[in-house]
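In what follows, a single structure is set out as structure tokens and then discussed.
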Amino acid sequence: SDAAWVPVADRQVALGLYVVTIPTGADLVQVNDTITITACDGDPDAVGVPMQVLGSRRSAMTWERTISCQLRQRVTR
């Protein structure tokens with residue numbers, strides 16, 4: 001993931017871009033949908049984090065779909 005901090009009013013907001021894989025049989029998602037991470041082996045802190053869907057990517061695997069997501073999390077610095 002890549003993250004950037006941008007000012008919004010009197011706060012700093014983290015904008016993170018993530019590549020998320022979901023099973024092929026999962027509910028369809030569309031751009032601007034909000035998804036919540038339910039499992040992440042590489043980053044257990046990501047579980048429960050809501051993300052906004054930005055688009056889909058071509059997946060090489062037939063059992064999963066790959067989507068691009070954006071994290072918007074308010075953090076006061």
Side-chain angles (χ1 to χ4, degrees):
S1 70
D2 297 317
W5 290 93
V6 295
V8 175
D10 64 339
R11 304 199 184 281
Q12 292 289 320
V13 177
L15 297 178
L17 301 177
Y18 292 83
V19 175
V20 177
T21 56
I22 57 176
T24 300
D27 292 339
L28 292 177
V29 294
Q30 297 180 1
V31 172
N32 292 325
D33 281 355
T34 299
I35 62 166
T36 302
I37 304 302
T38 58
C40 183
D41 294 336
D43 185 3
D45 291 336
V47 175
V49 174
M51 296 191 183
Q52 178 185 13
V53 176
L54 298 176
S56 63
R57 297 179 173 197
R58 197 174 283 265
S59 179
M61 309 299 177
T62 58
W63 59 84
E64 68 185 19
R65 287 182 281 147
T66 305
I67 56 176
S68 299
C69 294
Q70 175 175 283
L71 168 67
R72 289 186 187 258
Q73 180 177 354
R74 286 178 45 165
V75 178
T76 303
R77 282 189 155 183

Listed pairs under 3.5 Å, donor-acceptor, residues 28-35 side chains, sequence neighbours left out:
| unit_1 | atom_1 | unit_2 | atom_2 | d |
| --- | --- | --- | --- | --- |
| N32 | OD1 | Q52 | NE2 | 2.8 |
| D33 | OD2 | Q30 | N | 2.7 |

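- In terms of heavy-atom proximity, V20 sits nearest to C69 at CG2-SG, 3.8 Å.
- Minimum heavy-atom separation, A39 to V47: CA-CG2, 3.9 Å.
- The two residues P23 and R65 make their nearest non-hydrogen contact at O-NH2, 3.6 Å.
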